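I have placed the structure first, in the form of structure tokens, so that the comments after it can refer back to it.
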Amino acid sequence: MTQSPETRFRTSLLEENDGPPVNPTDNRTMGEIIAARFSRRGFLKGSLAVSAIAATVSPLALVAADDARATEGSAFKFDELEAGIDDKHHVAPGYDADVLLRWGDPLFADSPGFDPTRQSAEAQARQFGYNNDYVGYIPIDGSAEHGLLVVNHEYTNPHLMFPGIVKTVDKDGKKAAEVAPLSREQVDVEMAAHGGTIVEIRKEGGKWQVVRDGKLNRRIMSTTEMALSGPVAGHDRVKTNADPSGTKVIGTVNNCAGGVTPWGTYVMAEENIHGYFSGELPEGHKEAGNYKRLGIPEGAYEWGAHYDRFNLAKEPNEPNRFGWIVEVDVNDPNSVPRKRTAMGRFKHEGAESIVAEDGRVVFYLGDDERFDYVYKFVTAGKFNPNDLAANMDLLDDGTLHVAKFAEDGSVEWMPIVFGQGPLTAENGFASQADVLIETRRAADLLGATKMDRPEDIQPNAGNGKVYVMLTNNSKRKADQVDAANPRAENAFGHIIEIVEDGGDFAATKGKWEVLLKCGDPSVADVGATFSTATTANGWFGMPDNCAVDSAGRLWVATDGQGPKATGRTDGLWAVDTEGAARATSKLFFRVPIGAEMCGPLFSPDDQTAFVAVQHPADGGDDWEGFGRPSYYEDPSTRWPDFKPDMPVRPAVVAITKQGGGKIAV
């Protein structure tokens, strides 16, 4: 359903996947499987064991011993930051957090300066885009202090971008915010602010700087020409009036998390594509069921009012050209980005990769929707570190798999291949292209496990494990409450840890455990499982993005914390995964009110943590210091002198240790 501008103002695109679930199957949910698993084995391995120990040892002594072991065994050495809420970012003592890039910052020698009162698509195309999400680093000549920063620009908040677009009005005796429809010129700015940035950076005197005349600097936008490659290229279902060949797509949208391949290319994940399309399909159109499974059209954006390709009534096949993984050759600023259709079409969150034992490359992929699935893609060809050109089309040929988690702690990766199992003509598939265009329906038929909003999935070469961020599931019903999800409307999420058989990331079977059930451990009904050494500052909810540094340590960023949910802003937490300190968490960095913590990324030498602060000042109405009405009505209040730490501009922040050295060591 197309939203009015007012509805769009009230509901950011980040929250669109909190709408009605679109998975119609009765496949088992992860909560049901966790409950069955732990109800069966938890009594034997947990309750009886604890009872036996408690018969001879004081419970207080057990807690004290656990605290001591966890403190001594932690892999992270830093003084924890205090959790809280205000309009600034904060980092742990002994560290500096410097803004490296903000929305509108110049990227080229001839880029115009940022002026929010005189925005244009032409200017934005030469400037850093909006709402930075994924951050990647590609070394130049192997350097940890000179490289290319690659950054996704997920979506736009027009009510924060365009001064004067929002007014406070009286409605039925109450004050309400009202936003005007966007002009075509403002839509053009939005389209230029989407996509990604490739920019050269260099560390000088211990601080990172942007190289504005870098020969590889580039903006990728929703107006950039791209190629469809792989099994779907040229298929009738991706042909349009503008592209009868079905091979050329204009632009990419909603680029959430992503990845850098072992051969040094940049991959961008297209996530919430449903919000960009409006209008109605012709009656009886064959794509109706396909689009319903993805929530298309949602119509949060007004692009369809100005451009036919986003109007289903005029270009009914256009949505099939989005929802893919996009690969960019960063070493050629004129290269055509490629949408790699072999990796499936859904609401992609991330594409982190690792080289398997036999040289094939494995990508882990989350479908960021409540009750949707966890995937991995295994290339058919092998990575050749001595011939980078030979790797450039590895992503066009391989096998996509979807995960089925069992209550005995096993996981099966089921191949999504035309002709196998239910993926046949009897179920409406005529080719592998059909299967990939409707990846979600194919996974439904295979009986994949319905997850609680899978986001980042990170393989860890250090210990052979894989970490799956499950952000939350506010649609969990009361009759789904269980040991691992002990609340209706699972607000805080959890983290699953997978060990692939034989330590082989390309394996089709493995084992799984719950690493953490998130939330406030001091509230018994929440059922959080942080270690007792985790302080009141150290717990978190809503795990979203994550990173593994070169020492194999896990760092988790959150999305959705705030005054009502947790009494704290989002941030970056260090999470122990091994030994006595397992499940101990410490707060390292926190963002301003209304912001989401994205990234994170560690430089190859672990001396810098790059983080992305997305949509600062959005939401947070219930924080008394936010001052929302005057913030929107008075542009002079919104844009005070354009200070580097101004909270309204999304930014990439570089965190370094004072005096130098590795972070948290």
Side-chain angles (χ1 to χ4, degrees), residues 17 21-42 293-294 344-350 362-378 399-417 420-423 435 438-459 465-477 479-486 490 493-501 505 507-518 543:
N17 49 18
V22 295
N23 189 332
T25 73
D26 59 1
N27 294 354
R28 299 183 73 188
T29 67
M30 193 61 183
E32 293 166 339
I33 293 166
I34 292 173
R37 181 181 181 195
F38 283 90
S39 65
R40 186 173 72 179
R41 74 168 196 163
R293 186 65 178 82
L294 283 156
R345 175 174 170 267
F346 44 88
K347 295 181 181 178
H348 281 280
E349 170 89 27
V362 180
F363 288 76
Y364 288 91
L365 313 162
D367 186 348
D368 186 4
E369 186 118 50
R370 287 154 179 84
F371 301 114
D372 261 292
Y373 306 131
V374 167
Y375 299 85
K376 77 174 178 182
F377 176 79
V378 182
T399 303
L400 183 66
H401 304 75
V402 66
K404 186 173 185 177
F405 294 85
E407 59 193 57
D408 65 357
S410 65
V411 59
E412 178 186 1
W413 295 100
M414 301 178 293
I416 304 177
V417 177
Q420 295 187 14
L423 308 184
V435 168
E438 297 186 71
T439 299
R440 278 187 171 180
R441 188 167 72 89
D444 293 343
L445 291 168
L446 288 168
T449 304
K450 297 162 71 171
M451 308 294 282
D452 284 354
R453 197 174 156 200
E455 298 222 31
D456 243 1
I457 304 174
Q458 182 72 55
K465 297 179 180 179
V466 181
Y467 303 104
V468 183
M469 303 296 112
L470 300 165
T471 297
N472 55 28
N473 188 346
S474 62
K475 305 304 179 185
R476 181 181 296 279
K477 298 177 181 178
D479 60 4
Q480 293 176 308
V481 168
D482 53 54
N485 299 281
N490 173 19
H494 53 287
I495 301 174
I496 295 290
E497 181 182 74
I498 298 172
V499 180
E500 305 282 26
D501 275 2
F505 290 102
T508 57
K509 296 184 182 298
K511 299 291 184 182
W512 65 271
E513 285 284 353
V514 176
L515 172 64
L516 271 179
K517 290 178 282 181
C518 304

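None of the values given here were measured: they were computed from a predicted structure.
- Between the side chain of Thr449 and the main chain of Phe405, a donor-acceptor pair closer than 3.5 Å is present.
- Under the salt bridge (Lys or Arg N to Asp or Glu O under 4.0 Å) criterion, Lys376 pairs with Glu500, not counting sequence neighbours.
- By the side-chain contact (heavy atoms from CB on, under 4.5 Å) test, Pro543 pairs with Met469, Ile495, Cys518, Phe540, Val556, sequence neighbours left out.
- For Arg345, there are no salt bridge (Lys or Arg N to Asp or Glu O under 4.0 Å) partners at least two apart in sequence or on another chain.
- Take Glu349 and apply the salt bridge (Lys or Arg N to Asp or Glu O under 4.0 Å) test, not counting sequence neighbours, and it matches no residue.
- Trp413 and Tyr364 have perpendicular rings, their planes meeting at more than 60° on a 0 to 90° scale where under 30° would count as parallel.
- Across all their heavy atoms, Val402 and Ala448 have their closest contact at CG2-CB, 3.5 Å.
- With sequence neighbours excluded, no residue forms a ring-ring contact (aromatic ring centres under 6.0 Å, His included) with Phe363.
- In this structure, the side-chain contact (heavy atoms from CB on, under 4.5 Å) partners of Lys509, at least two apart in sequence or on a different chain, are Glu412, Asp501.
- Remark: Asp367 pairs with Arg440 by the salt bridge (Lys or Arg N to Asp or Glu O under 4.0 Å) rule, at least two apart or across chains.
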Run Arg453 and Asp368 through salt bridge (charged side-chain N to carboxylate O under 4.0 Å, His left out) and show every step you take. CA-CA 5 Å; Arg453 197 174 156 200; Asp368 186 4; 2.7 Å; yes
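- In this structure, the side-chain contact (heavy atoms from CB on, under 4.5 Å) partners of Thr25, at least two apart in sequence or on a different chain, are Asn23, Asn27, Tyr373, Asp444, Lys450.
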